[in-house]
Amino acid sequence: MRRGTRQAGPLMLAALSLLAACTAKSPQDAAVRATAEGERLFLRFCSGCHPDGGNSRYPQKTLSRMVLKANGIVTVADVVALLRNPGEGMPRFDRQTVSDAEARAIAGYVLATFP
Ligand code: HEC
């Protein structure tokens, strides 16, 4: 009898589904906070069109928290979703360019920095 191998299956499955649950939850739960990493990435990828949280291409669509809120962008996950699928005039940032963790750092920085 190979008891050991038979028991490993369910345990492994439980561990994997726990891991999946944690990873799936993190984007929505990501805290809004400005990190040095978020600032660095923002300056690298975003500030060309969004200097000081403005918008040089579409002046009404600034990154001000009030303006974002009026446009339905409130959480870190909302900003990340916009980066993956932006409106006209903004380049799409895919996972090869900006990883999920980087996108969350940028989003936290944006939401915490521009009032
Ligand atoms: C080439 C110029 C350009 C770059 C680079 C750029 N954006 Fe934008 N962004 C725009 C334009 C244009 C819009 C307005 C598009 C729309 O929402 O219809 C916009 C809209 C937005 C909005 C929604 C603003 C609102 O008031 O609804 C957010 C949030 C945003 N950008 C974040 C970012 C972040 C974060 C980065 C960097 C990762 C970035 N953008 C890089 C041009 C740019």
Side-chain angles (χ1 to χ4, degrees):
M1 279 285 270
R2 300 173 127 223
R3 242 167 196 273
T5 44
R6 202 179 291 161
Q7 278 173 354
L11 258 181
M12 187 71 90
L13 267 182
L16 280 178
S17 49
L18 193 69
L19 192 72
C22 293
T23 347
K25 242 179 111 188
S26 57
Q28 284 89 337
D29 291 347
V32 171
R33 77 198 164 92
T35 59
E37 163 91 339
E39 179 174 27
R40 183 180 68 75
L41 293 165
F42 180 83
L43 292 174
R44 177 169 165 202
F45 290 112
C46 321
S47 64
C49 295
H50 297 291
D52 294 321
N55 193 328
S56 57
R57 299 225 173 168
Y58 193 151
Q60 296 99 307
K61 293 224 169 175
T62 73
L63 306 187
S64 148
R65 203 178 308 133
M66 302 312 289
V67 174
L68 291 182
K69 193 174 174 189
N71 293 334
I73 301 166
V74 178
T75 64
V76 164
D78 294 338
V79 177
V80 173
L82 187 129
L83 298 189
R84 302 301 188 210
N85 190 18
E88 222 179 295
M90 177 165 154
R92 195 170 82 87
F93 292 88
D94 60 22
R95 285 192 172 84
Q96 276 71 48
T97 313
V98 172
S99 72
D100 283 341
E102 289 173 334
R104 287 196 292 273
I106 295 173
Y109 175 79
V110 166
L111 292 172
T113 306
F114 310 114

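Both ligands and their constituent atoms are indexed starting at 1 by order of listing.
Taking CD of Glu37 as the reference point, atom CZ of Arg104 lies at 11.5 Å (rounded to 0.5 Å). Atom CZ of Arg92 and atom CG of Asn85 lie 7.5 Å apart (nearest 0.5 Å).
Listed for the Ser56 side chain is a donor-acceptor partner under 3.5 Å among the backbone atoms of Cys49. With Asn71 contributing its side chain and Ile73 its backbone, the two residues share no donor-acceptor pair below 3.5 Å. With hydrogens and angles disregarded, no donor-acceptor distance shorter than 3.5 Å links the side chain of Arg33 to the backbone of Gly108.
Atom 5 (C) of ligand 1 has its closest protein heavy atom at Phe45 O, 3.4 Å. Closest to atom 22 (C) of ligand 1 among all protein heavy atoms lies Leu82 CD2, 3.5 Å. Of the protein's heavy atoms, Cys46 SG, 2.8 Å lies nearest to atom 36 (C) of ligand 1.
Contact annotation: the side chain of Leu68 approaches that of Val110 to within less than 4.5 Å [non-hydrogen atoms, C-beta and beyond]. At a threshold of 4.5 Å between non-hydrogen side-chain atoms, the residues Val98 and Leu41 do not count as touching. Here the side chains of Val32 and Val76 are in contact, with some heavy-atom distance below 4.5 Å.
Listed by number with element, the atoms of ligand 1 under 4.0 Å from a non-hydrogen atom of Gly89 are 1 (C), 2 (C), 12 (C), 42 (C). Counting the atoms of ligand 1 from 1 in the order shown, those under 4.0 Å from a heavy atom of Val67 are 26 (O). Those atoms of ligand 1 with a heavy atom of Ile106 less than 4.0 angstrom away are 35 (C). The ligand atoms of ligand 1 that sit less than 4.0 angstrom from a heavy atom of Glu88 are 12 (C), 15 (C), 18 (O). Set against the non-hydrogen atoms of Ile73, the atoms of ligand 1 under 4.0 Å away are 23 (C), 27 (O). For ligand 1 and Cys49, the ligand atoms under 4.0 Å from any heavy atom of the residue are 1 (C), 2 (C), 3 (C), 4 (C), 5 (C), 42 (C), 43 (C). Counting the atoms of ligand 1 from 1 in the order shown, those under 4.0 Å from a heavy atom of Asn71 are 25 (C), 26 (O), 27 (O).
Contacts between Phe93 and ligand 1, counted as non-hydrogen atom pairs separated by less than 4.0 Å, involve the side chain only. Contact annotation: for Asn55 versus ligand 1, heavy atoms closer than 4.0 Å belong to the side chain alone. With a heavy-atom cut-off of 4.0 Å, Ser64 does not touch ligand 1 at all. Contacts between Met90 and ligand 1, counted as non-hydrogen atom pairs separated by less than 4.0 Å, involve both the backbone and the side chain.
Here's the thing with Thr62: one of its N/O atoms is less than 3.5 angstrom from an N/O atom of ligand 1. At least one N/O-N/O distance between Lys61 and ligand 1 falls below 3.5 Å. Residue-to-ligand polar distances place His50 within reach of ligand 1: an N/O pair is separated by less than 3.5 Å.
Residue contacts with ligand 1 do not include Gly48, since none of its heavy atoms lies under 4.0 Å from the ligand.
In this comparison of Thr97, Leu63, Leu41, Leu43, the heavy atom closest to atom 29 (C) of ligand 1 sits on Leu63.
Smallest separation of non-hydrogen atoms from Gly53 and Thr62: O-CB, 3.5 Å.
Between Phe42 and Tyr109, the two ring planes are tilted [angle within 30° to 60°]. Classified by interplanar angle (parallel below 30°, tilted 30° to 60°, perpendicular above 60°), the ring pair Phe45/Phe93 is perpendicular.
A salt bridge links Asp100 and Arg84; the closest N-O separation between the charged side-chain nitrogens and carboxylate oxygens is under 4.0 Å.
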